[in-house]
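Accompanying notes for the structure given below.
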Protein chains: 2
Amino acid sequence: MRERPAVPMKSAVRRTTLAVDVVVLSPRAEALAVLLVRAPAGARERWTLPWDAPQADEGLEDAAARIAEAVLGEAPAFFEQVGAFSDAKRHPGDADVSIGIVALVPAGVEASSPDSGWFPLDGLPPLAPRHRAVVERAAAVARQRVDQSPLAFRLLPPTFTLTDLQSVYELLLGRRLHKASFRRALQASYLVEPTDEWRSEGRGRPAQLFRFAPRKRRGARRGVRFDLFTE
Amino acid sequence: MRERPAVPMKSAVRRTTLAVDVVVLSPRAEALAVLLVRAPAGARERWTLPWDAPQADEGLEDAAARIAEAVLGEAPAFFEQVGAFSDAKRHPGDADVSIGIVALVPAGVEASSPDSGWFPLDGLPPLAPRHRAVVERAAAVARQRVDQSPLAFRLLPPTFTLTDLQSVYELLLGRRLHKASFRRALQASYLVEPTDEWRSEGRGRPAQLFRFAPRKRRGARRGVRFDLFTE
DNA sequence: CGAATTAGTAACAAAAAGCCACTAATGTCA
DNA sequence: TGACATTAGTGGCTTTTTGTTACTAATTCG
């Protein structure tokens, strides 16, 4: 009856070129910043995301770790895929498909490569169109996940003040939060514990340092929230 | 100092084989179900996810639409990437990398291909290991996104009762919800509007039919919720 | 007709979040 | 040295949201 099978699963798999594009995010100078590397001479744009083709039998996250480590000197502690990008948008290596991966690095970590730099998300230099799309998606994913995953703690050193933590949340969410409410919610969550150290930052009362130490898992049996839709 | 450049972006892009694996989800018999197709004779497992290699210059979502349409007769209205899978886990076509894409179709839509069937998520037949991973990830993504995106409405016909809608939420969330709270939250969200039709389903009072018609965008200026962490 | 069944809502109680104002501990500088 | 500016941290009141119970409404079944 049918001229061809309804379920076309037998077509030969085409060979395509694949790239892993890494978006390393970190708070720099009161803004979320992306780590870019200088493009080789002759490239159309002067800066690109760190990227490479995955090696044989190398997982995508492993490839991302290797690529980020080459620029930073050490691998970030957090990675997450943000999507596969295959549209016609130009890639610096002309890869057919890019896997975008976001990595988070604490404030203060410096890149080991001199051919790299941190650029605030709202002040990026010209990038290949595909890289621009990957960065935008990565930022959107980070903002969307911030209260489903302890992302914010990956953007801070092992100990931090509660004001530091609140600043990271404000950075990701793009709005100011109320100090008392923020601390009350944090208290109820059992996510941090105080150390016995205090940091004096010039003027003002010294702040206690805390560390990320999630202890309990509350049921969180909440009703449905229809007002969180983002699309 | 270093023996090789810190930023290894010049390695030749390897050629890899790529597959798009589609997880079509729909509520069937009080459970979330996946659409599977019969594998060709000689395959190690009798069932697989619908999959294929993307054609030249075909976007990944376009490929997913084509693949799903071949089984269903029409393309689903909703697609979302759930990740790229590259680990050694075996794929039916031995693709190096799979892009997993979840598609949602309303309750009641029938497959046009006789070589296909709906299987509840907790009663799947043996699948290739990579396909099993893709299905698990797709279900996790659907569950995670249900209150950030109007997913639930994609699993229902154009008009539905509020009890239908609540049932879909309960299916996705895996727990019962309170009727009054659910309706109050829905009311406040301006996501649905009543039609002037009513449905009588055997015994009991007839229920009014509603349609998805999002009207307002509330600011949703809420504080941070630390209790929503899922990992 | 009355019991069973499903839809829909009012009203109250409990919990969470927003908000303001306060106290605490430091540095700055006249 | 002592007032003041500055940042940290908290108590407690108000407002909003959510959980819960218990009701009323409209239908079928027998």
Side-chain angles (χ1 to χ4, degrees), chain A residues 30 107 146-147 156-157 159-171 173-211 216 218-229, chain B residues 30 107 146-147 156-157 159-170 173 175-211 216 218-229:
Chain A
E30 325 275 295
V146 68
D147 48 22
L156 289 169
T159 66
F160 47 83
T161 70
L162 298 188
T163 301
D164 290 342
L165 182 61
Q166 182 173 340
S167 298
V168 169
Y169 270 93
E170 291 176 343
L171 217 55
L173 296 172
R175 62 192 165 90
R176 303 302 309 275
L177 300 170
H178 290 276
K179 184 171 57 163
S181 300
F182 181 82
R183 289 170 186 228
R184 184 174 36 206
L186 187 61
Q187 189 90 12
S189 72
Y190 298 95
L191 284 176
V192 298
E193 68 184 17
T195 69
D196 48 5
E197 289 180 279
W198 297 72
R199 176 196 298 163
S200 190
E201 194 91 61
R203 52 189 165 272
R205 173 176 169 175
Q208 190 167 16
L209 291 175
F210 288 75
R211 74 166 62 87
K216 273 199 207 173
R218 292 207 331 181
R221 302 264 152 164
R222 294 305 186 70
V224 177
R225 300 288 303 269
F226 294 101
D227 55 344
L228 299 174
F229 287 5
Chain B
E30 323 276 297
V146 67
D147 48 22
L156 289 169
T159 66
F160 47 84
T161 70
L162 298 188
T163 301
D164 290 342
L165 182 60
Q166 183 174 339
S167 299
V168 169
Y169 271 92
E170 292 176 344
L173 295 173
R175 62 192 166 90
R176 303 301 309 276
L177 299 171
H178 290 278
K179 184 171 58 165
S181 300
F182 181 82
R183 287 170 188 228
R184 183 174 37 204
L186 188 62
Q187 190 89 15
S189 71
Y190 298 95
L191 284 175
V192 299
E193 67 183 18
T195 69
D196 50 6
E197 288 179 279
W198 298 70
R199 176 197 297 164
S200 190
E201 194 90 59
R203 53 191 163 271
R205 173 175 168 175
Q208 190 166 17
L209 291 174
F210 288 75
R211 74 167 62 88
K216 270 200 207 176
R218 291 209 330 180
R221 301 268 152 158
R222 293 305 185 71
V224 177
R225 299 289 301 269
F226 294 101
D227 56 343
L228 299 174
F229 286 4

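Naming: A, B, ... by sequence-line order, numbering from 1 per chain. Predicted, not measured: the structure shown is a model, and the values here were computed from it.
Using a 4.5 Å heavy-atom threshold, the side chains of A:Tyr169 and A:Leu177 count as touching. The shortest side-chain heavy-atom distance between A:Thr163 and A:Arg183 falls under the 4.5 Å cut-off. In this structure, the side chains of A:Val168 and A:Phe160 stay at 4.5 Å or more apart for every pair of heavy atoms.
Summarising the geometry, the separation between CD on A:Glu201 and C1' on D:dA8 is reported as 12 Å, rounded to the nearest angstrom. When the C1' atom of C:dC19 is taken as reference, atom CZ of A:Arg183 falls 16 Å away, rounded to whole Å. Atom CZ in B:Phe160 sits about 15 Å away from atom P in C:dA7, given to the nearest Å. A straight line from CH2 of B:Trp198 to C1' of D:dT27 spans 12 Å, rounded to a whole angstrom. At whole-Å resolution of the value, CG in B:Leu165 and C1' in C:dG8 are 15 Å apart. Note: CG (A:Asp164) to P (D:dG9) measures 10 Å, nearest angstrom. If you measure from atom CZ of B:Phe182 to atom C1' of D:dT17, you get 17 Å, rounded to the nearest angstrom.
From B:Glu197, atom CD reaches atom CD of B:Gln208 across 10.0 Å, with rounding to the nearest 0.5 Å. Note that CG of B:Asp147 is 8.0 Å distant from CG of B:Leu228, once rounded to the nearest 0.5 Å. Separation of atoms CG (A:Leu186) and CG (B:Asp227) is listed at 11.5 Å; rounding is to 0.5 Å.
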For a side chain to side chain donor-acceptor pair (under 3.5 Å) check, start with the C-alpha distance between A:Asp164 and A:Ser167, then their side-chain angles and the critical distance, and finish with the verdict. CA-CA 5 Å; A:Asp164 290 342; A:Ser167 298; 5.6 Å; no

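Screening A:Leu162, A:Val192, A:Thr159 for a side chain to side chain contact (heavy atoms under 4.5 Å, CB included) involving A:Leu209 leaves a single residue, A:Thr159.
Contacts between residues 202-211 of chain B and DNA chain D, defined by a heavy-atom separation below 4.0 Å, involve B:Gly202, B:Arg203, B:Gly204, B:Arg205, B:Pro206, listed by number.
Counting any heavy atom pair closer than 4.0 Å across all strands shown, B:Thr163 reaches sugar-phosphate atoms only and no base atom.
The closest donor-acceptor contact from the side chain of B:Glu193 to the backbone of B:Arg211 lies at 3.5 Å or more, if one exists at all.
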What does the list of N/O pairs under 3.5 Å between the protein and nucleotides 18-20 of chain D look like, with a distance for each?
{"residue": "D:dT18", "atom": "OP1", "partner": "A:Arg225", "partner atom": "NE", "Å": "3.3"}
{"residue": "D:dG19", "atom": "OP1", "partner": "A:Gly223", "partner atom": "N", "Å": "3.3"}
{"residue": "D:dG19", "atom": "N7", "partner": "B:Arg184", "partner atom": "NH2", "Å": "2.7"}
{"residue": "D:dG19", "atom": "O6", "partner": "B:Arg184", "partner atom": "NH1", "Å": "2.9"}
{"residue": "D:dT20", "atom": "OP2", "partner": "B:His178", "partner atom": "NE2", "Å": "2.3"}

